[in-house]
Amino acid sequence: MPLTPEARAIEAVLIVAVEPVPAGLLAELLELPVEQIDPLCDELSEACRSEGRGFEVVRIAGGFRIQTHPDLAPYVERFANVGVSSRLSAAALETLAIVAYKQPVSRAQIAALRGVNVDGVVRLLEHRGYIAAVGRAPGPGQAVLYATTDAFLERLGLDRLDQLPPVEDLLPGPEALAELEEQMSPVVDG
Amino acid sequence: MPLTPEARAIEAVLIVAVEPVPAGLLAELLELPVEQIDPLCDELSEACRSEGRGFEVVRIAGGFRIQTHPDLAPYVERFANVGVSSRLSAAALETLAIVAYKQPVSRAQIAALRGVNVDGVVRLLEHRGYIAAVGRAPGPGQAVLYATTDAFLERLGLDRLDQLPPVEDLLPGPEALAELEEQMSPVVDG
Amino acid sequence: MVATVSTPAFEGPIDLLLQLVNSHQVDLYDVPLAAVVDAFVVEVAGWDSVDLQVLSEFLIVASTLIELKSRRLLPGPDDIDTDEELVGWEERDLLLARLLECQAYAAAADGFALLLEQAARSVPRTAGLDLDFVVNAPDLLEGVTPDDLADAFGRATAERPVPVVDLYHVTVDTVTVADTVAALARRLPRLGASTFRELTRHLTSRMEIIVSFLALLELCKQGRVSLDQGHTFGDLEVAWVADDRQPVPVGPGLYDEYEG
């Protein structure tokens, strides 16, 4: 049985979501009363079960999210271990370098500097323990700020951050960064 | 009709993937001959369509990926945080077209065609990940040669470069040619 | 190295021609050649060595434009010698070929814009792996030294994104040649004689100055002003030729407009 339009919309949002999405936010996006979200997510969840999808829709602390079906963990683990390249890509290394030299820094600031969405790369670096969230920026939005970890220093064979080779810092300061961030209009071009 | 175990496993892998997964890698993970991957992905794709899911399974940039259904763009865009990127200018798009059709191509070759300095535009396109330096031209000068990237294919929603229309199809028709010629002949008004 | 010529609407000779060709209202001959040449000269001055290829290509484009434009601008015989007309056919053919190729890429660019727009309607899943999966992948920083990191930082910062302001659809308030002819026809009789620099002193945009120049040429064609330039690049002396027989025709549509 095909999904209802509302359940489809919820599924699409959960597909792009990186964090669990609260029912309140889903209600807002769909312009529906929040009481209707639970039944819709149940519909979605049930549809995944009955059709034997490879993922499930679950409610966890903070909201709803899509995750792989536990049955398929062996494939997912194999993918995680085989599918990742054994070296950091040039893009990932450059992002790591920006975090190392400009820390603490937000994802949006890195994105503004690199001109591309860096969510995936930041996640990877965080996942691998090279960088970590260390706080939140003051002001509106309260963006999460990232810094390098002790594991990062260890892997590079350094004791302290100030042992990093000096670089000519051509990057704009915080104010210019904020401005740059603003100029990058949040238009999706693909 | 429930998915086959193989299609489920592929779906689970695509759910955790952050970039298109090549058929060869899927075959390796599932321990199946690579020829069986295409039909399995077709099955998955068809199941998504017939059940009216909020996402689709597509073949893009040489691999498979899960993406939201275009119908649901209004919800997904509102959910935002889908990427920080600004639109490409007409000049950037034209330069990108030249690289796409003439790759590998040097900056000087692009400049000769466009009749302007293209350093800034090439840098922008490289920075945005649409093009990348892929080598150097033989001969004196050893100009850096540029080609389009997988990210270019992804952002244009293409699987392979040869899906672009042949350049011959893009040339203006005979009427346009006649008109051009007429405009370029030295008419003096009296 | 090829010269970049940037005015709000035009970028370089080829772009310029393309725009002229594509928008049917613009006269091919109304090209701000001085700006094109100025920019090129500045560019050449910065060269370490002379690139003959670029130089000659520019000369072909520029000389073709200059030839075509000068015939149009200068008062002269109404018809031209056919032999003379044939001169430059080869250059024009070359230019034509390049224009055609550029048009094909411009069409491809339109297609790209469409594809980008369509593709942007679908967003890929990038949530990645749940963190509770066990990953035994090798250390991704294996073999990376602090110096590599510093180099990466250098690369990342050397390629800062250039904020792009797309002026493609910006329309500016245009000052028309017709209006300027009318204004000069009122102003010049009082002044009697003046110089181009004097007449354009109050103007702020290059566009207005170009339009004033074109308006003066129109008046010159009509025999209402005399123009004299003492020496190359000297100030242009403008003198009103008193003629009470009939007023200078004014009104929209009487003069070719500059669409720069």
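Quick caveat, the model's predicted, so the values are computed rather than measured. A, B, ... follow the sequence lines: proteins, then strands. Residue 1 opens every chain.
- Using a 4.5 Å heavy-atom cutoff, the side chains of A:Glu28 and B:Arg78 are not in contact.
- Remark: B:Glu19 CD is loosely packed, at most 12 non-hydrogen atoms of other residues, nucleotides or ligands lying under 6.0 Å away.
- Between A:Ile15 and B:Glu56, every side-chain heavy-atom pair lies at or beyond the 4.5 Å cut-off.
- Of the two parts of A:Leu25, only the side chain, counted from C-beta on, holds a non-hydrogen atom closer than 4.5 Å to a non-hydrogen atom of chain B.
- Interface remark: B:Ala73 contributes no atoms to any contact with chain A (heavy atom separation under 4.5 Å).
- Nearest heavy atom pair, residue A:Ser50 against residue B:Pro2, reads O-CG, 4.3 Å.
- Two residues are said to be in side-chain contact when any heavy atoms from C-beta on lie closer than 4.5 Å; B:Phe79 and A:Val21 meet this criterion.
- The CZ atom of A:Arg53 lies 4.0 Å from the SG atom of B:Cys48; values are rounded to the nearest 0.5 Å.
- Residues B:Ala12 and A:Gly54 share a closest heavy-atom pair of CB-O, 3.6 Å.
- Around atom CG of A:Asp150, no more than 12 heavy atoms belonging to other residues, nucleotides or ligands sit under 6.0 Å away.
- Scored by the ring pair (Phe, Tyr, Trp, His ring centres under 6.0 Å) test, B:Phe55 finds A:Phe55 as partners (sequence neighbours excluded).
- In this structure, chain B has no heavy atom under 4.5 Å from any part of A:Ala7.
- Within the 4.5 angstrom heavy-atom criterion, no atom of A:Val118 approaches chain B.
- Note that the OH atom of B:Tyr75 and the CD atom of A:Glu11 stand 14.0 Å from one another [nearest 0.5 Å].
- Contacts of A:Thr4 with chain B are absent, with no heavy-atom separation under 4.5 Å from either backbone or side chain.
- Atom CD of B:Glu46 has more than 12 neighbouring heavy atoms from other residues, nucleotides or ligands inside a 6.0 Å radius.
- Against chain A, the residues from residues 60-68 of chain B that qualify, each with a non-hydrogen atom under 4.5 angstrom away, are B:Ile66, B:Thr68 in number order.
- For B:Val13, the parts lying near chain A are the backbone and the side chain together; criterion is any non-hydrogen pair under 4.5 Å.
- Proximity of A:Arg8 to B:Leu72: side-chain heavy atoms (C-beta onward) are separated by under 4.5 Å at one or more points.
- Ranked by heavy-atom pairs shorter than 4.5 Å toward chain B, the options A:Leu30, A:Leu3, A:Leu26 are led by A:Leu3.
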